[in-house]
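Below is one structure, written out as structure tokens; comments come after it.
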Amino acid sequence: QNGAAKIIAEEGSYSVETEIVPDTRKYLNEYLKENYNKYLEKMNIIGITGTNGKTTTAWLIHEFLNKIGKKCAYIGTIGFYINEKICSLPNTTVDICDMYDLMIQAYDFGCENIVLEVSSHALSMGRIETIDFDYAIFTNLTQDHLDYHKTMENYADAKSKLFKKL
């Protein structure tokens, strides 16, 4: 009714073409990677993680690169910026579909670089699963977010996932 041409689902039968897959999240990640990473590969992607300092570090790098003529987008806590603020975001590291949308917008605007704040929650939840990074920065690790991660070891493990994506 709303114009869907195809439905990807784990189960069910629908009135439009339907493809049943074992894991829709995995399907989505592979689809995005296959169709859009060719654009992301043309930019330097800089990821910053840490309990404190992500926003400041990301913003300073974003500003520095733009000041020296290396067009850079920023995606993080304070929003999405290309030259100026484009929009606010619901969280520090948005879901994979939104992330690709923002990164492709940056590509379309001619950005050579993108600075991303990468939260431990996003790393744990696979929000950046198919994004490869050119640079990764770790600011620090303090006792925060243990309500989610439960232990410092789990928290550190989540942060370390960024460096496996270099």
Side-chain angles (χ1 to χ4, degrees), residues 3-6 8 24-142 144-145 148-149 155-166:
K6 184 177 184 179
I8 308 298
T24 54
R25 185 67 172 191
K26 184 176 179 183
Y27 178 94
L28 174 63
N29 281 335
E30 289 305 313
Y31 179 87
L32 291 169
K33 181 178 180 177
E34 184 178 309
N35 290 282
Y36 297 102
N37 275 19
K38 61 188 170 198
Y39 304 108
L40 304 187
E41 291 168 358
K42 296 178 182 180
M43 298 181 287
N44 291 311
I45 301 175
I46 305 161
I48 301 172
T49 195
T51 307
N52 301 300
K54 290 185 299 296
T55 303
T56 301
T57 304
W59 187 254
L60 289 172
I61 291 170
H62 163 262
E63 285 292 294
F64 172 77
L65 288 170
N66 280 308
K67 294 279 187 214
I68 63 168
K70 304 291 183 183
K71 195 163 184 178
C72 183
Y74 163 91
I75 301 171
T77 302
I78 58 174
F80 174 48
Y81 286 76
I82 301 174
N83 297 327
E84 59 188 40
K85 188 171 188 174
I86 306 294
C87 64
S88 296
L89 302 173
N91 48 29
T92 297
T93 312
V94 295
D95 194 64
I96 193 75
C97 285
D98 294 329
M99 185 62 76
Y100 269 86
D101 181 51
L102 298 175
M103 294 176 86
I104 296 303
Q105 283 184 58
Y107 172 82
D108 288 344
F109 274 93
C111 290
E112 303 170 60
N113 306 281
I114 300 177
V115 180
L116 304 176
E117 287 186 59
V118 184
S119 71
S120 61
H121 289 75
L123 288 159
S124 294
M125 295 176 190
R127 287 190 206 149
I128 57 163
E129 198 62 32
T130 56
I131 298 171
D132 294 322
F133 289 80
D134 297 290
Y135 303 94
I137 298 169
F138 172 73
T139 59
N140 58 27
L141 186 69
T142 63
D144 204 354
H145 306 300
Y148 179 79
H149 296 289
Y155 190 23
D157 286 346
K159 294 288 186 190
S160 73
K161 289 180 181 181
L162 176 61
F163 296 89
K164 295 173 183 164
K165 303 191 65 35
L166 286 169

Open item on the list: Measuring from atom CZ of Arg127 to atom NE2 of His121, what distance do you get when rounded to the nearest 0.5 angstrom?
Closed with: 8.0 Å

TODO: Answer yes or no: are there more than 12 heavy-atom neighbours, outside Phe163 itself, under 6.0 Å from its atom CZ?
DONE: yes

Task: Gap between atom CH2 of Trp59 and atom CD of Glu117 - 0.5 Å precision - done: 10.5 Å

- [ ] Spell out, as yes or no, whether a donor-acceptor pair under 3.5 Å connects the side chain of Asn35 to the backbone of Tyr31.
- [x] yes

Task: Atom of Leu123, atom of Ile128 and distance for their closest heavy-atom approach - done: CD2-CD1, 3.6 Å

Task: Thr57 side chain to Thr139 side chain, donor-acceptor N/O pair below 3.5 angstrom - done: no

TODO: Output the distance between atom NZ (Lys33) and atom CD1 (Ile131), rounded to the nearest 0.5 Å.
DONE: 11.5 Å

Task: Check: Ile61 and Ile48 side chains under 4.5 Å, non-hydrogen atoms - done: yes

Task: Exercise: identify the closest heavy-atom pair between Ala58 and Tyr74 - done: CB-CE1, 3.6 Å

Open item on the list: Let me confirm one number: the CD-CD1 distance from Glu84 to Ile86, rounded to the nearest 0.5 Å.
Closed with: 6.0 Å

Open item on the list: Keeping Lys165 on the side-chain end and Glu129 on the backbone end, is there a donor-acceptor pair under 3.5 Å?
Closed with: yes

- [ ] Using atom types as modelled and distance alone, determine if a side-chain donor or acceptor of Asn66 lies under 3.5 Å from a backbone N or O of His62.
- [x] yes

Open item on the list: Tell me whether Asp132 is salt-bridged to Lys164, with the criterion being a basic N under 4.0 Å from an acidic carboxylate O.
Closed with: no

Task: Any side-chain donor near an acceptor of the partner, Thr51 and Tyr155, under 3.5 Å - done: yes

Task: Steps toward side chain to side chain contact (heavy atoms under 4.5 Å, CB included) verdict (Leu40, Tyr107) - done: CA-CA 7 Å; Leu40 304 187; Tyr107 172 82; 5.9 Å; no

Open item on the list: Strictly distance-based, threshold 3.5 Å: is any side-chain N or O of Asn140 a donor or acceptor partner for the main-chain N or O of Gly50?
Closed with: no

Task: Straight-line distance of Ile46 CD1 to Ile137 CD1, nearest 0.5 Å - done: 6.5 Å

TODO: For the residue pair Leu28 and Ile96, establish whether any side-chain heavy-atom pair is separated by less than 4.5 Å.
DONE: yes

Open item on the list: Any heavy-atom pair between the side chains of Glu112 and Lys70 that's under 4.5 Å?
Closed with: yes

Task: 4.5 Å side-chain heavy-atom contact, Asp134 and Leu166 - done: no

Open item on the list: Between Thr93 (side chain only) and Ala122 (backbone N and O only), is there a donor and an acceptor less than 3.5 Å apart?
Closed with: no

Task: Non-hydrogen atoms of Ala106 and Ile114 that approach each other most closely - done: CB-CD1, 3.9 Å

Task: Sub-4.5 Å side-chain heavy-atom contact between Val115 and Cys72 - done: yes

Task: Pairwise side-chain contact, Phe133 with Leu116, heavy-atom cut-off 4.5 Å (strictly under) - done: yes

Task: Least distance between heavy atoms, Met99 atom then Ile75 atom - done: SD-CD1, 3.9 Å

Open item on the list: How close do Asn37 and Thr130 get, counting heavy atoms only, and between which atoms?
Closed with: ND2-O, 3.0 Å

TODO: Verify the neighbour count for atom NZ of Lys85: are there more than 12 heavy atoms of other residues, nucleotides or ligands below 6.0 Å?
DONE: yes

Open item on the list: Are Lys71 and Asn113 packed together at the side-chain level, in the sense that at least one heavy-atom pair is separated by less than 4.5 angstrom?
Closed with: no

Task: Heavy-atom closest contact (Ala73 atom, Phe80 atom, distance) - done: CB-CE1, 4.3 Å

Open item on the list: Between Lys159 and Phe138 (side chain of the first, backbone of the second, donor and acceptor by atom type, cut-off under 3.5 Å), is there such a pair?
Closed with: no

Open item on the list: Please report the interatomic distance CD1(Ile82) to SG(Cys111), rounded to the nearest 0.5 Å.
Closed with: 4.5 Å

